[in-house]
Amino acid sequence: PEATRSRVLFLQARTYEANDNYLAAARARSILDELLIDQQSQRINRQAIRQILNKVPEHVLNQALQREQYPLSPWLSLAYIEKSISNPAQREQAIYQWQQQFPNHPAQTFLSANLNYPQYQMADNNAQAQQYSVAPSGMSPRKIALLLPMNGPHAKAAKTIRDGYF
C-alpha cells in the first residue's frame, strides 16, 4: 500500500541523510513527494529536499546531473544553479530558464513565494544579511518597500523622505 511505501521512503531518506548519503536521501524524498497528498507534508518534504541538496558539493551535483533522472533531476538542476552561479544576472537568467523548463515542478513554490524572483543575500554596513529579490529583465515588482532610518544621524532626512512619499 501507498502508506507503507511512503513510510519506507521516509525512513530510507532519514537513514541516508544520517549517513551523509545526501543524493540518495534527496532521491528517496523526491520519490516520496509524489506520494504525499497533504500540503503540509509536501511543503516539509520539499524543504527537506532543498536543505539536503544544499549539503551536496557543487562538483557532486554536476556529476549527479549527468546520471539522475526525474523526479530528482529538476531538484539537482536548481540546486546546481543556486550553488554554481554567483553572478546575480546570470543566476537570475538560469533560474528563469529553469522555471520555463519545469513550469509545474513543486520547487516553483519556493521561487514564486517572492514573485518568481530568485533570492540573493546582501550585507548591510552592519554585516547583517538581508534578503532581497531581483526581478527578471522586463518584469517589475508589484510592490516595493522603502526602508528608512527613523533613529540616528539620518533620521531627519528619513522623516522628510517619508513625509514626501506617504
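Each residue takes its place number in the sequence, starting with 1. Side chains are part of it too, since the values below use all heavy atoms of this structure and drop only hydrogens, waters and symmetry mates.
Using a 4.5 Å heavy-atom threshold, the side chains of R50 and L78 count as touching. By the 4.5 Å heavy-atom criterion applied to side chains, Q51 and Y22 are not counted as neighbours. When side chains are defined from C-beta on, R5 counts as touching I31, because their heavy atoms get closer than 4.5 Å. Inter-residue side-chain proximity for H105 and Q99 is flagged as unmet; no heavy-atom pair is nearer than 4.5 Å.
Across all non-hydrogen atoms, the minimal contact from K83 to V56 is NZ-O, 2.8 Å. Between D33 and Q42, the closest heavy-atom pair is OD1-O, 3.8 Å. Of all non-hydrogen atoms in A13 and A25, the two that sit nearest each other are O-CB, 3.5 Å. Between I81 and W98 the shortest heavy-atom distance is CD1-CB, 3.9 Å. S41 and L36 make their closest contact through O-CD1, 3.6 Å (heavy atoms, listed as atom of the first residue, atom of the second, distance). Annotation for S73 and L65: closest pair O-CD2, 3.9 Å, computed over non-hydrogen atoms.
When atom types are taken as modelled, the side chain of K55 and the backbone of D20 share no donor-acceptor pair closer than 3.5 angstrom. Panel note: side chain W75, backbone A107; no donor-acceptor pair is recorded below 3.5 Å.
Hydrophobic clustering (side-chain heavy atoms under 4.5 Å, transitive across Ile, Leu, Val, Met, Phe, Trp, Tyr) keeps L9 apart from I52.
Note that the CD atom of Q47 and the CZ atom of R29 stand 10.5 Å from one another [nearest 0.5 Å]. Atoms CG and CZ, on L35 and R7 in that order, are 14.0 Å from each other to the nearest 0.5 Å. Separating the CD1 atom in I49 from the CG atom in L72 is a distance of 8.0 Å, to the nearest 0.5 Å.
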Stepwise, does the side chain to side chain contact (heavy atoms under 4.5 Å, CB included) test hold for N62 with E58?
CA-CA 6 Å; N62 190 28; E58 180 182 327; 5.8 Å; no
